[in-house]
K.L.:
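Before anything else, here's the structure in question.
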Amino acid sequence: MGRWLKPEVYPLVGAMSFVGGMLVFSLARHAITNPDVRINKTNRKTAVLENREEGEKYAEHSLRKFLRTRPPQVMPAINTFFSKDN
């Protein structure tokens with residue numbers, strides 16, 4: 001394996017593996033839990049689904065609820081340090 005895969009390529013392989021994992025996670029989440037995706041035959045027969053509660057539960061997941069309480073900054077400590085008037 002060392003003949004065709006150089007050590008300089010390891011970070012690229014790691015980054016692409018991480019992105020591929022995120023892609024698989026996102027596709028699986030949307031295919032399994034999205035209320036607009038109709039996999040079983042009974043839901044596909046209905047033109048309009050009455051699933052408002054299910055849609056709200058899907059849209060208001062726990063990560064969104066957690067991030068709503070956080071400040072909208074990436075690094076708040078560094079931002080406050082550099083924004084002080086000296």
Side-chain angles (χ1 to χ4, degrees):
M1 189 160 167
R3 292 183 70 168
W4 62 273
L5 188 61
K6 296 180 181 178
E8 298 89 28
V9 183
Y10 291 160
L12 182 61
V13 170
M16 293 304 294
S17 300
F18 178 72
V19 170
M22 285 179 22
L23 174 74
V24 168
F25 171 75
S26 177
L27 288 174
R29 178 179 182 266
H30 289 299
I32 294 171
T33 62
N34 192 338
D36 291 333
V37 177
R38 301 172 185 162
I39 295 175
N40 58 2
K41 195 177 248 186
T42 57
N43 285 344
R44 282 184 290 171
K45 287 181 182 179
T46 60
V48 177
L49 292 176
E50 299 295 331
N51 59 353
R52 184 171 182 85
E53 296 82 19
E54 186 180 358
E56 288 176 0
K57 186 178 89 170
Y58 176 77
E60 297 297 323
H61 49 82
S62 59
L63 178 63
R64 182 172 285 179
K65 288 178 184 177
F66 171 74
L67 290 177
R68 196 173 286 138
T69 63
R70 309 294 304 158
Q73 300 174 0
V74 177
M75 298 182 183
I78 294 175
N79 289 342
T80 56
F81 175 75
F82 284 112
S83 66
K84 291 180 183 177
D85 292 327
N86 291 337

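Keep in mind that this is a model prediction, so the values were computed, not measured.
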K.L.:
Between the main-chain N or O of Met22 and the side-chain N or O of Ser26, is there a donor-acceptor pair closer than 3.5 Å?
P.N.:
no
K.L.:
Taking only residues two or more places apart in sequence, or in another chain, which ones meet Glu53 in a salt bridge (Lys or Arg N to Asp or Glu O under 4.0 Å)?
P.N.:
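Counting only residues at least two positions away or on another chain, Glu53 forms no salt bridge (Lys or Arg N to Asp or Glu O under 4.0 Å).
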K.L.:
With Glu8, which residues qualify under side-chain contact (heavy atoms from CB on, under 4.5 Å), at least two apart?
P.N.:
Lys6
K.L.:
In Å and rounded to the nearest 0.5 Å, what is the CZ to CE distance from Phe82 to Met75?
P.N.:
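With rounding to 0.5 Å, CZ (Phe82) is 11.0 Å from CE (Met75).
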K.L.:
Kindly state each residue pair satisfying salt bridge (charged side-chain N to carboxylate O under 4.0 Å, His left out) with at least one member in residues 15-26, sequence neighbours excluded.
P.N.:
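Residue pairs with at least one partner in residues 15-26: there are none.
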K.L.:
Which heavy-atom pair separates Thr80 from Ala77 by the least distance, and what is that distance?
P.N.:
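It is OG1-O, 2.9 Å.
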K.L.:
Give every donor-acceptor pair under 3.5 Å between a side-chain atom in residues 64-72 and any protein atom, sequence neighbours left out.
P.N.:
unit_1: Arg64; atom_1: NH1; unit_2: Ala59; atom_2: O; d: 2.9
unit_1: Arg68; atom_1: NH1; unit_2: Glu60; atom_2: OE1; d: 3.2
unit_1: Arg68; atom_1: NH2; unit_2: Glu60; atom_2: OE1; d: 2.8
unit_1: Thr69; atom_1: OG1; unit_2: Phe66; atom_2: O; d: 2.7

K.L.:
Can you list the residues that meet the side-chain contact (heavy atoms from CB on, under 4.5 Å) rule with Leu27, with sequence neighbours excluded?
P.N.:
Leu23
K.L.:
Other hydrophobic cluster members with Leu12, side-chain heavy atoms of Ile/Leu/Val/Met/Phe/Trp/Tyr under 4.5 Å, chained?
P.N.:
Met16
K.L.:
Looking at residues at least two apart in the chain, or sitting in another chain, which of them share a side-chain contact (heavy atoms from CB on, under 4.5 Å) with Val24?
P.N.:
none
K.L.:
side-chain contact (heavy atoms from CB on, under 4.5 Å) with Asn79: which residues, sequence neighbours excluded?
P.N.:
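Counting only residues at least two positions away or on another chain, Asn79 forms a side-chain contact (heavy atoms from CB on, under 4.5 Å) with Gln73.
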